[in-house]
Each structure stands twice: as structure tokens, then as C-alpha cells.
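Proteins come first, then strands; the chains are lettered A, B, ... in the order of their sequence lines, and each starts at number 1.
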Amino acid sequence: MSVQDVLIIGSGPAGYTAAIYAGRAGLSSFLFEGGEPGGQLMTTTEVENFPGFPLGILGPELMQQYRKQAERFGTHIQNEIITSIDFVERHFVLHTSQNAYEGSSVIIATGASSKWLHVPGEEIYRTRGVSVCATCDGFFFKGKNVGVVGGGDAALEEALFLARFVNRVTIFVRRDELRASKIMQERAKENPKIIFSWNTEVLEIIGDGQKLTKIRLVNNQTQEQNTLDLDGLFIAIGHKPNSEIFQGILDLDPQGYIKCESGTTKTSKEGIFAAGDVIDHRYRQAITAAGMGCMAALDAERWLSSQQKIY
Amino acid sequence: MKEIVLSTENFDTIISNPDIPVTLVDFWAPWCGPCKMMGPIVESLAEKMTDVQVGTLNVDEYSEIAQKYNILSIPTFMIFKNGNIIDQFSGTMPVDVLENRVRQHLG
């Protein structure tokens, strides 16, 4: 297979925007979709704050539009997961379980994935009552009692979505206040189906072997423990960057985010650029990820021409 | 082979088809983003494989089957052999991962 100008890892807003800009700049490219094709927007419903869609757009629909636009400019989209990266002479080589791809430059847009609680029982009852995606799994809890763990916008979004059809949503918040934006706090507090359990941490997830039935909780102020009967538990405690395969190759910060030269998408390795949630712990929006994807494609194009690697 | 659209009427007959004992079932719904991404992947696998039946079950339309199999998360995949569940897994994955998972149960 011929050497591509740019290999793009990831299929969220950053990856597809990089592909659109690379394609329009006449660069040949492959884009690798990875383990969660379309990225985090695939597990959302209505996106209300993406400019250009005054009435909102469904997250999965937005990602299908990104994909179509990237395809229009010639990117080859591969439904594969990159497992490692190395260097041969002047090229980068990306490996999947079956193939290897060569490129003159690489754009990393691997994003971030949901964090889990890492408490006993979670692994067993994952997909059997424990979920990180209310829009995927909420449907199975019609009329039931569910919990949401977390205090940010994502947790309240999950809770508000679930409150449309479940009996009751209890939000377990580690602190005695919410991190979430004011508008989301107001919406959640006004909803009669949503109740808050403050200073509360989940200690254990308990089930009947088939599915989750209750959880064990602790009040982190009084240390008092109790169990609560629940049908479903949705975890929304944030995300971790998908940067494992770049450890030892690129400079990462202590949380695992890829470090870039300030104001650019240049990583510590020349010819490798990074964009989106894998470098960004601050903004984490579709629109900022897309912006960074654009920057990465422009940075890659400039670097390729400076190296006279565009033939 | 072509993908089979499963329903209450044909579910049990398909998963116990004596001619092709192994069946992969994709439990999905139209409102599930990850399911939409898996749709074309499952379809391409169906067309590629000749020794396995591949079926899709819309849990919205046939919730009684989803309930019977304790589906609490989608996309969920179940592999049946002669009508019995022999494997179950959930979430999105590339086509080669899905194919390898199915092939383990052949022969």
C-alpha cells in the first residue's frame, strides 16, 4: 500500500474535521474509526449548542454528516483499531490487528472514553443494569428506579433524559454541590422525578446474577452506609483520554493527555499532531474538537511541505 | 447470506435452524447511536459469511424478546447454537473483531 500523506486516528469531530481539511488541501489520507466509531456524540441525543443548527441536531446524525463530508473529499475510512505506532525510515507505521499502514504524518484524535467507578460488582453488571449511556440503555428502565452518579453537566443530562420515562432518578453526588452549569442545575432541580443524594459515594454494586438489584452507598461526611434498591445505575463521572498506545512515544501530562506545543497541535514528536479531547481537559466540546482537528490538518500540511514530503 | 430481520414470528425458528446451527443476533433500536454505527458492519458480515445466519432484532418493536433475553443495554450481540445462547457481548467494535468472535464458535 502506498505511503499516505496523513494518517488520522479517531472518528469524532476532531478526526473527521482533520480529514475534511486534509482532503481539501489535496493530501491523501486514511482515517481509522477505532473502537467507538463516531466518538462520544454517538451516545448523546439532542446537541443544542453546535452552531449552524438553530433547532438542534441529534449527535449520531451530526456524526453521519461529518463522515459524509470527509468521504466527499477522498479520505479512506477504515473500520479498524490502531494498536501500536512505530517508525520505519522516514515514515510512521500504524498497526491494526491485521494490517499496517504507512504515512508521512499522523494526526491523533482518539478522544476520551467514559470513566468507570471501579467498585466491586461493576464489571459483572456492566450492560446488565450498569451503563455509561442513558440514551442507549435508558429505554430498558421504563417505569423503574434508577441512579446517576456524578455532579457535572453530563450527569444531569443523563438524569433529565431518564426522567422522561423512568419512575425516579436519584443523583449521587460526591460533594454537597454540583459542578454542572446553572441552566442544567435549574432544569434538574425543577424536575419532580429527580432527587439528589449529597456527599454520597457508591461502594458496591449488587445483583442477582442476572442483573443489578441494589447498590451499597456511604455518606462521606458521617461514614454511614446503607443499601438502596435500584434497577439501573448510570455513571457520568467524566472521561479519560485515550492515549495508552502513545505512552513512551509522546509526552503526556500526569492525567494522560497528550502535550502539545502551546497554541498548536504539535506533539513532542515531529510529524505527529494531536487534536480534540485527547489533548483537552478544559473545553471538551464538539466544536472545540472540530476546531483543533482543523488546526491539526493545517499544521500537518505545513510541516509536510516544509519537509518536502508532499510530492 | 443476507441479513435476516427477526421478529416474534420467526425468532425461535431461525435460531434453531438445523441446516445452519450458528446464528448471530444483533439487538438494536433506531434511537441508539452506537447501534446505527454497527448496522452496516453487521450487514457486511452477514454478506461475507456463508456458514452463519446473521439476524437483527429491533427491541423497540419486539420488546418481549428483549425482555426474555434480559437485554438491558444495546447494541447487544448474542450467538446462538441450535437455539441455545453460547456467547453474549455488547458495544461497538470493528468488523474483524466481530467476525473473529463469531468464528470461534464454528467447526
Side-chain angles (χ1 to χ4, degrees), chain A residues 11 32-47 58-64 67 77-83 96-99 113-114 125-142 144 146 161 165 207-212 231-234, chain B residues 25-49 54 56-79 84-85 87-104:
Chain A
S11 56
F32 302 92
E33 286 187 295
E36 295 173 38
Q40 292 170 55
L41 278 184
M42 295 306 293
T43 61
T44 63
T45 49
E46 204 79 34
V47 180
L58 294 174
E61 212 165 282
L62 182 60
M63 291 322 299
Q64 277 173 353
R67 188 191 162 101
I77 298 171
Q78 295 294 112
N79 178 231
E80 289 185 276
I81 298 175
I82 301 299
T83 53
T96 69
S97 61
Q98 320 210 306
N99 300 306
S113 295
S114 299
Y125 293 108
R126 190 170 163 175
T127 77
R128 297 165 193 265
V130 183
S131 171
V132 289
C133 179
T135 57
C136 311
D137 304 338
F139 167 84
F140 302 104
F141 300 92
K142 263 183 207 159
K144 304 270 176 76
V146 301
F161 175 77
F165 45 82
D208 61 3
Q210 283 296 317
K211 57 185 194 302
L212 172 154
D231 300 299
L233 186 67
F234 294 84
Chain B
V25 178
D26 170 14
F27 292 85
W28 73 286
W31 37 259
C32 156
C35 301
K36 274 193 187 158
M37 294 308 274
M38 288 308 289
I41 291 171
V42 172
E43 195 179 349
S44 70
L45 187 68
E47 268 154 30
K48 183 174 170 189
M49 296 190 87
V54 178
T56 60
L57 184 96
N58 182 331
V59 299
D60 235 358
E61 284 177 45
Y62 304 105
S63 55
E64 63 282 7
I65 297 181
Q67 260 168 31
K68 180 179 171 190
Y69 290 102
N70 269 316
I71 303 292
L72 290 176
S73 174
I74 51 171
T76 280
F77 299 92
M78 280 189 185
I79 301 175
N84 301 310
I85 303 169
D87 200 358
Q88 176 177 350
F89 46 100
S90 299
T92 54
M93 67 208 73
V95 68
D96 57 320
V97 175
L98 185 62
E99 183 177 342
N100 290 339
R101 189 92 183 218
V102 176
R103 286 208 186 277
Q104 282 172 18

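Counting heavy-atom pairs closer than 4.5 Å to chain A, the top-ranked of the candidates B/Ile71, B/Val95, B/Thr76, B/Asn100 is B/Ile71. Chain B forms the most heavy-atom pairs under 4.5 Å with one residue out of A/Asp231, A/Leu41, A/Leu212, A/Ile81, and that residue is A/Ile81. Heavy-atom pairs under 4.5 Å with chain B were tallied for A/Met42, A/Glu33, A/Met63, A/Arg67; the largest tally goes to A/Met42. Per-residue heavy-atom pair counts under 4.5 Å with chain B were compared for A/Glu61, A/Gln98, A/Lys211, A/Gln78, and the maximum is reached by A/Gln98.
Inter-residue side-chain proximity for B/Gln88 and A/Arg128 is flagged as met; some heavy-atom pair is nearer than 4.5 Å. Considering only heavy atoms from C-beta on, B/Trp31 stays 4.5 Å or farther from A/Leu58 through its side chain.
Of all non-hydrogen atoms in A/Phe140 and B/Val59, the two that sit nearest each other are CZ-CG2, 3.9 Å. Taking both residues in full, the closest heavy atoms of B/Pro94 and A/Gly34 are given as CG-O, 4.5 Å, listed atom of the first, atom of the second, then distance. A/Pro60 approaches B/Gly33 most closely through the heavy-atom pair CG-CA, 3.7 Å. Contact record, B/Thr92 with A/Gly35: OG1-O, 2.6 Å, taken as the closest heavy-atom pair. The heavy-atom pair separating B/Ile74 from A/Cys136 by the smallest distance is CG1-O, 3.4 Å.
Between B/Met37 atom CE and A/Gln64 atom CD the span is 7.0 Å, to the nearest 0.5 Å. The OH atom of A/Tyr125 lies 11.5 Å from the CG atom of B/Leu72; values are rounded to the nearest 0.5 Å. Atoms CD and CG, on A/Glu80 and B/Asp96 in that order, are 6.0 Å from each other to the nearest 0.5 Å.
Proximity to chain B is limited to the backbone of A/Thr135, based on heavy atoms less than 4.5 angstrom apart. Residue A/Gln210 touches chain B through its side chain alone, counting heavy-atom pairs closer than 4.5 Å.
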